[in-house]
**Student:** 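Dumping the structure here so I can ask a few things about it.
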Amino acid sequence: MEFALISILTTVGGIVLYLIMGAAVKAPGKVLASKFASLGNMSGKTYNEIKNVVGVENSVSRTTTGDGQVVTIRQWMATGYHIVLLFDSEDNFIGISNETSV
């Protein structure tokens, strides 16, 4: 009887700990996703307007399109969330290249 109770308590405790740890690990991504969601439609926004809400990106690179347009690729990443935004040569938002949430 005592062994069965200890086994049940250990199992339940393990499941609860697993759920708490999973939520804690994904929390930064949920916060970042929420900040982006608060921006609403980003059309017409500048990099600085977006950065002021969500913070500085984790990665930035530049590329040139076939028609010679310079595009800046900015990525924000937090556990459980990743978004890639494109900006023109004057740092105006062009669009979302990729967004992943787990």
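Bear in mind the structure is a predicted one, so any value in this text is a computation, not a measurement. Just so you know, residue 1 is the first one in the sequence shown, and it goes up from there.
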**Student:** Might you work through the side chain to side chain contact (heavy atoms under 4.5 Å, CB included) test for Thr63 and Thr65, ending with a clear yes or no?
**Tutor:** CA-CA 7 Å; Thr63 190; Thr65 64; 5.5 Å; no
**Student:** Give the minimum heavy-atom separation between Ser59 and Met77, together with the two atoms involved.
**Tutor:** CB-CE, 4.0 Å
**Student:** To the nearest 0.5 Å, what is the distance between CG on Asn98 and CD1 on Ile96?
**Tutor:** 9.5 Å
**Student:** Locate the shortest heavy-atom distance separating Ser38 from Lys35; write the atom from each residue and the value.
**Tutor:** OG-O, 2.6 Å
**Student:** Can you list the steps and then say if Leu86 with Arg74 is a side chain to side chain contact (heavy atoms under 4.5 Å, CB included)?
**Tutor:** CA-CA 6 Å; Leu86 305 175; Arg74 299 179 187 276; over 6 Å; no
**Student:** Quick check against the 3.5 Å criterion: does Thr64 have a side-chain atom that pairs as donor or acceptor with the backbone of Gly68?
**Tutor:** no
**Student:** Do you know the tightest heavy-atom contact between Glu49 and Lys45?
**Tutor:** OE1-CA, 3.1 Å
**Student:** Okay, side chain of Asn92, backbone of Asp88: is any donor-acceptor separation there less than 3.5 Å?
**Tutor:** no
**Student:** Tell me which pairs pass ring-ring contact (aromatic ring centres under 6.0 Å, His included) where either residue lies in residues 82-102, with sequence neighbours left out.
**Tutor:** Tyr47-Phe87
**Student:** With the 4.5 Å side-chain cut-off for hydrophobic clustering, are Val53 and Leu32 part of the same group?
**Tutor:** yes
**Student:** Is any side-chain N of the basic residue among Asp91 and Lys51 closer than 4.0 Å to the acidic one's carboxylate O?
**Tutor:** no
**Student:** Transitively linked via ILVMFWY side-chain contacts under 4.5 Å: Val60 with Val56?
**Tutor:** no
**Student:** Can you confirm whether or not the ring centre of Phe36 sits under 6.0 Å from the ring centre of Trp76?
**Tutor:** yes
**Student:** Do the side chains of Thr72 and Arg62 get nearer than 4.5 Å, heavy atoms only?
**Tutor:** yes
**Student:** Taking all heavy atoms of Gln75 and all of Glu57, pick out the closest pair and write down the distance.
**Tutor:** O-CB, 3.3 Å
**Student:** Can you get from Val84 to Ile94 by hopping between Ile, Leu, Val, Met, Phe, Trp and Tyr side chains that sit under 4.5 Å apart?
**Tutor:** yes
**Student:** Is it possible for you to say whether Leu39 and Tyr81 belong to one hydrophobic cluster, with membership spreading through side-chain heavy-atom contacts below 4.5 Å?
**Tutor:** yes
**Student:** Identify, with sequence neighbours excluded, every residue that meets side chain to side chain contact (heavy atoms under 4.5 Å, CB included) alongside Ser61.
**Tutor:** Ile73
**Student:** Do Asn48 and Thr46 meet the criterion of a side-chain donor-acceptor pair at a distance under 3.5 Å?
**Tutor:** no
